[in-house]
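Below is one structure, written out as C-alpha cells; comments come after it.
Below, read A as the first sequence line, B as the second, and so on, with proteins coming before strands; counting in each chain starts at 1.
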2 protein chains.
Amino acid sequence: MGIHEVAKRAKVSTATVSRTLNKPETVDPETAKRVWKAVKELQYLPNTTARSLVSGSTRILGLIVSDITNPFFPEVVMGLEDVAIREGYEILISSTNYDLARMAVCVRRMLERKVDGVAIMTSELEKHLIDELDRRNVPMVFMDVGPVTANISNVRIDYGQGINEAVQHLLALGHRRIGFLSGPLDLKSARIRRTAFLRGLARFGVIEDERLVQAGNHKIDGGLQAMTHLLALAEPPTAVLASNDLTAFGAMRAVRLASLRVPEDVSIIGFDDIQLAEFTEPPLTTVRLPRRVLAERAFEALATHINAKKAGTPTRGAEYVVGTELVVRGSTAVMRERR
Amino acid sequence: MGIHEVAKRAKVSTATVSRTLNKPETVDPETAKRVWKAVKELQYLPNTTARSLVSGSTRILGLIVSDITNPFFPEVVMGLEDVAIREGYEILISSTNYDLARMAVCVRRMLERKVDGVAIMTSELEKHLIDELDRRNVPMVFMDVGPVTANISNVRIDYGQGINEAVQHLLALGHRRIGFLSGPLDLKSARIRRTAFLRGLARFGVIEDERLVQAGNHKIDGGLQAMTHLLALAEPPTAVLASNDLTAFGAMRAVRLASLRVPEDVSIIGFDDIQLAEFTEPPLTTVRLPRRVLAERAFEALATHINAKKAGTPTRGAEYVVGTELVVRGSTAVMRERR
DNA sequence: CTGTTAGCGCCTTCAT
DNA sequence: ATGAAGGCGCTAACAG
C-alpha cells in the first residue's frame with residue numbers, strides 16, 4: 001500500500017512511480033504504462049499526508065463561520081466545496097458559535113492543521129486572532145466582514161444594488177412610509193446592511209423617520225418583535241424591508257398576528273433569499289445574495305494568494321465584489337389606502 | 001518553527017521536546033518547564049501533518065451527507081464538530097448531492113486524506129463503494145441508513161417511539177382518519193419512515209386506507225402537492241402526519257390554499273423538528289429527532305472502532321439507538337365535526 | 001529517461 | 001531522565 005510496492009511490482013524505482021504520477025511527461029510511455037498497471041492492480045492511492053509533509057502544502061482550506069446552523073451558510077459551504085474539490089482542495093469547516101473563545105480554538109485548529117488558506121465569515125473576528133494567522137503567513141480572505149489589508153483580500157457584497165432595486169420596487173408600488181428591520185447592531189455585518197438601507201432610502205428622497213427603523217436579531221423571533229413595534233406606531237409603515245429573510249419571516253408572522261395581511265396591508269421584503277423564502281405564505285419578495293458566487297470569489301482570492309506565495313511573489317490583498325438583486329415574489333403589492 | 005528550534009532553545013534534544021508534549025510524565029519537571037518556556041516563546045505549534053505521518057493516524061473523521069443544504073444536516077454537522085474537536089479530531093464533510101458519481105468522489109477523498117473513520121448519512125449508498133472503504137479497513141458508521149455488518153456500526157433511529165406518541169396524540173384529540181405524507185419512496189430512509197408510520201397506525205387499530213398515504217419528496221413543494229391530493233378525497237383525513245418537517249410545511253400551505261385552517265380543520269404533525277418548525281404559523285407539532293445525540297452516538301461508534309483497531313483488537317459492528325419524541329405545538333387540535 | 005539519496009517534521013525504540 | 005538514530009511515505013535534486 002505504499003509507493004514502494006508499486007515500484008517493486010512495476011520493476012522501477014519509487015522515484016519513477018512518483019514521476020509518472022506527478023510529471024508524466026518526464027517518463028517513458030512504456031515505463032509509465034507498467035507503472036499505471038501496477039497502480040491499478042494494487043489500487044494504490046497516494047498518501048496525502050506524506051505528500052503534504054514534503055510539499056509543505058496540505059491542500060486544505062479553512063472556513064470559519066459563526067454558526068453552520070444558520071440557513072445562510074450551508075449554501076456557501078456547498079459552493080466552496082464544489083469549487084475546492086474541483087481544484088483538489090478540501091475544506092475544513094469550523095464554527096465559532098458567536099463565541100470569542102471558540103474563535104480562538106478555530107484559529108488554532110487552522111494553524112495546527114496547516115491549512116493553505118482561510119476564508120472567514122464570522123461576525124466576531126478579533127484583530128488579535130487575525131493577526132496571529134497573518135503573522136504565520138496564512139493567506140486569508142474575508143467574506144463581507146473585513147477590510148482589505150496588505151495581505152488579506154475581501155469579498156465585498158454590494159448591498160446597495162439590491163437595496164436600490166427593493167426601494168424602487170416599493171416606491172413604484174406607491175409606498176412612501178417604509179420601515180427597516182435591522183439585525184443586531186453589535187454585529188458589523190448588520191450595521192453594514194443598515195447603513196446601506198438608510199443610504200438607499202435617502203437616495204430616493206424618502207423621508208427618514210427614525211422610528212421606522214427597528215432592531216431585530218436576525219432570527220425569526222427578533223423580526224416578530226421588531227415588526228410588532230412598528231405596527232404599534234401611530235403611523236405604521238405600509239412596507240418593510242428586513243435585514244435578512246428570517247427577520248422577514250418573523251415580520252410576516254407579526255403582521256398576521258395583528259390580524260393584517262401580507263401583502264395587502266403590509267408589503268415585506270427580505271434579504272439573502274434563503275431556500276425557504278420561496279415557500280413561505282406568501283412567497284417572500286427578497287434581495288438575493290448569491291452565496292455560491294460569494295464562495296467562488298472567496299476561493300479565487302485564496303487561490304491567488306496561495307499561488308503567489310508559492311511563487312514567492314506575495315500579492316497584496318484585493319477586493320472582489322458580489323452584487324445583489326431583487327427577486328420579486330408574493331409578499332409585496334400595491335399600497336392600499338390606510339385602513 | 002520546528003521541534004528542532006524548540007529543542008535548541010531549551011537546550012535539550014528533539015526527543016525530549018516531543019516527550020514533554022506527548023508524555024509529560026516521563027520527563028523531569030525542571031526540564032519540562034524549560035521546554036514549555038521555549039514552546040511559548042517560539043509560539044510553537046506541532047505540525048499535525050508530520051505527526052500523522054509517523055503515527056499513521058490523521059485524526060480526521062469523514063462525514064458523508066447527501067446535501068448539506070438540507071436543513072436536517074447542519075445540526076448533525078455541528079453536533080459532530082463539537083464532540084470531535086473535544087477529542088482532537090477534525091471533520092471532513094463531503095456532499096454527494098444525491099449523485100452516485102459524486103458519492104464515488106467522496107469516498108476517494110476520504111481514502112486519499114486517510115481519514116481515521118467515516119460516518120455516512122446519505123440515501124444513495126452503493127455497496128460497491130462501502131466495500132471499498134471496508135476493504136481498506138476504514139472504520140465506518142451508518143447514521144440511520146445502513147445495516148450493521150461485521151465491521152460497520154449503525155446508529156438506528158427509533159421512529160416507532162415518536163410515531164406512537166404522535167398517533168396517540170391524534171387519537172386523543174378525536175382523530176380517526178389520519179393521513180400520511182411520505183418522502184420519495186426510492187429513498188430507503190423514506191421507506192423506513194413510511195413503514196414505521198403504518199406500523200404505528202396498525203398498533204392502535206386505526207383502519208388503514210391506502211388512499212390516505214401520499215408520497216411527497218421531502219421538500220415543501222412535494223408536501224403541498226401530496227396534501228392537495230388528500231384534501232381532494234371524498235373523505236379527506238382530519239389529521240396528517242408528514243415524513244419530515246418540510247413536507248409538513250408544504251401540507252400546511254396546501255390546507256391554507258384550500259381555504260381551510262390549521263389546526264382547526266386539519267391537524268398536522270411533522271417529523272425531525274428542524275429549527276424553523278418552531279416558527280411557522282402555527283408552530284408545528286412534530287416528532288423530534290435529536291440530531292445532536294445522533295451525532296454523538298456516531299462519534300462514539302467511530303471512536304470505539306478506531307481505538308479497537310489501534311489496539312489490534314478489531315470490534316464487530318454494533319447498533320446504537322436514538323429515540324424520538326413528540327413535541328406538541330400549535331398545528332394539532334381537537335377534531336372538529338365534518339364541515 | 002531512470003535510480004540513488006537526502007530530507008520534510010515528528011515520534012520512538014534503544015542505549016546511556 | 002535524556003540523547004542518538006532510524007523511519008513514517010513521498011518528492012526533488014543529482015548523478016548516471
Task: Any A:Thr16 side-chain N or O less than 4.0 Å from OP1/OP2 of C:dG3 - done: yes

TODO: Check whether any side-chain nitrogen or oxygen of A:Lys23 sits under 4.0 Å from OP1 or OP2 of D:dT11, and answer yes or no.
DONE: no

Taking any heavy-atom pair under 4.0 Å as a contact, classify [X]: base, sugar-phosphate, or nothing.
X: B:Val12; answer: sugar-phosphate
X: A:Val54; answer: base
X: A:Thr26; answer: base

- [ ] Rounding to 10 degrees, work out the angle separating the end axes of the helix from C:dC1-D:dG16 to C:dT16-D:dA1 (five pairs an end).
- [x] 40°

TODO: Report the residues that fulfil side chain to side chain donor-acceptor pair (under 3.5 Å) with A:Thr96, sequence neighbours left out, ordered by chain and then residue number.
DONE: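 Partners of A:Thr96 under the side chain to side chain donor-acceptor pair (under 3.5 Å) test: A:Glu124.
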
Is there a donor-acceptor pair closer than 3.5 Å between any side-chain N or O of [X] and the backbone N or O of [Y]?
X: B:Asp116; Y: B:Leu61; value: no
X: A:Thr48; Y: B:Glu112; value: yes
X: B:Arg291; Y: B:Val76; value: no
X: B:Asn97; Y: B:Asp99; value: no
X: A:Asn22; Y: A:Ser18; value: yes
X: B:Lys310; Y: B:Ser57; value: no

Open item on the list: So that I can tick it off, tell me whether B:Arg9 and B:Glu5 are bridged by a salt bridge, with the cut-off set at under 4.0 angstrom between side-chain N and carboxylate O.
Closed with: no

Between [atom2] on [N] and [atom1] on [X], what's the gap in Å once rounded to a whole number?
X: B:Glu30; N: D:dT2; atom1: CD; atom2: P; value: 10 Å
X: A:Glu112; N: C:dG9; atom1: CD; atom2: P; value: 17 Å
X: A:His4; N: D:dC10; atom1: NE2; atom2: P; value: 11 Å
X: A:Met1; N: D:dC10; atom1: CE; atom2: P; value: 9 Å
X: A:Leu21; N: D:dG9; atom1: CG; atom2: C1'; value: 13 Å
X: B:Arg59; N: C:dC11; atom1: CZ; atom2: P; value: 13 Å
X: A:Asn22; N: D:dA13; atom1: CG; atom2: P; value: 13 Å
X: A:Arg51; N: D:dT11; atom1: CZ; atom2: P; value: 5 Å

Open item on the list: Applying salt bridge (charged side-chain N to carboxylate O under 4.0 Å, His left out), can you list everything that pairs with A:Glu126, at least two apart in sequence or on another chain?
Closed with: none

Task: B:Asp186: salt bridge (charged side-chain N to carboxylate O under 4.0 Å, His left out) partners, not counting sequence neighbours - done: none

- [ ] Hey, which sits more toward the 5' end of DNA chain C by its nearest nucleotide, A:Thr14 or A:Asp28?
- [x] A:Asp28

- [ ] Choose from D:dG9, D:dG3, C:dC1 the nucleotide whose nearest atom is closest to any side-chain atom of B:Ser13.
- [x] D:dG3

Task: A:Ile3 side chain, from C-beta outward: closest of C:dT2, D:dT11, C:dC8 - done: D:dT11

Open item on the list: Any heavy-atom pair between the side chains of A:Asp67 and A:Ser95 that's under 4.5 Å?
Closed with: no

TODO: Decide yes or no for A:Arg156 and A:Val148: does some side-chain heavy atom of the first lie under 4.5 Å from some side-chain heavy atom of the second?
DONE: no

Open item on the list: With the threshold set at under 4.0 Å for non-hydrogen atoms, list the residues of residues 34-50 of chain A touching DNA chain C in residue-number order.
Closed with: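 Per residue number, the list is empty: none.
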
- [ ] Would you kindly compare B:Pro29 and B:Leu53 by the position of their nearest DNA chain D nucleotide and give the one closer to the 5′ end?
- [x]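 Between the two, 5'-proximity favours B:Pro29.
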
Restricting both atoms to N or O, compile the protein contacts to nucleotides 14-16 of chain D shorter than 3.5 Å, with distance only.
none

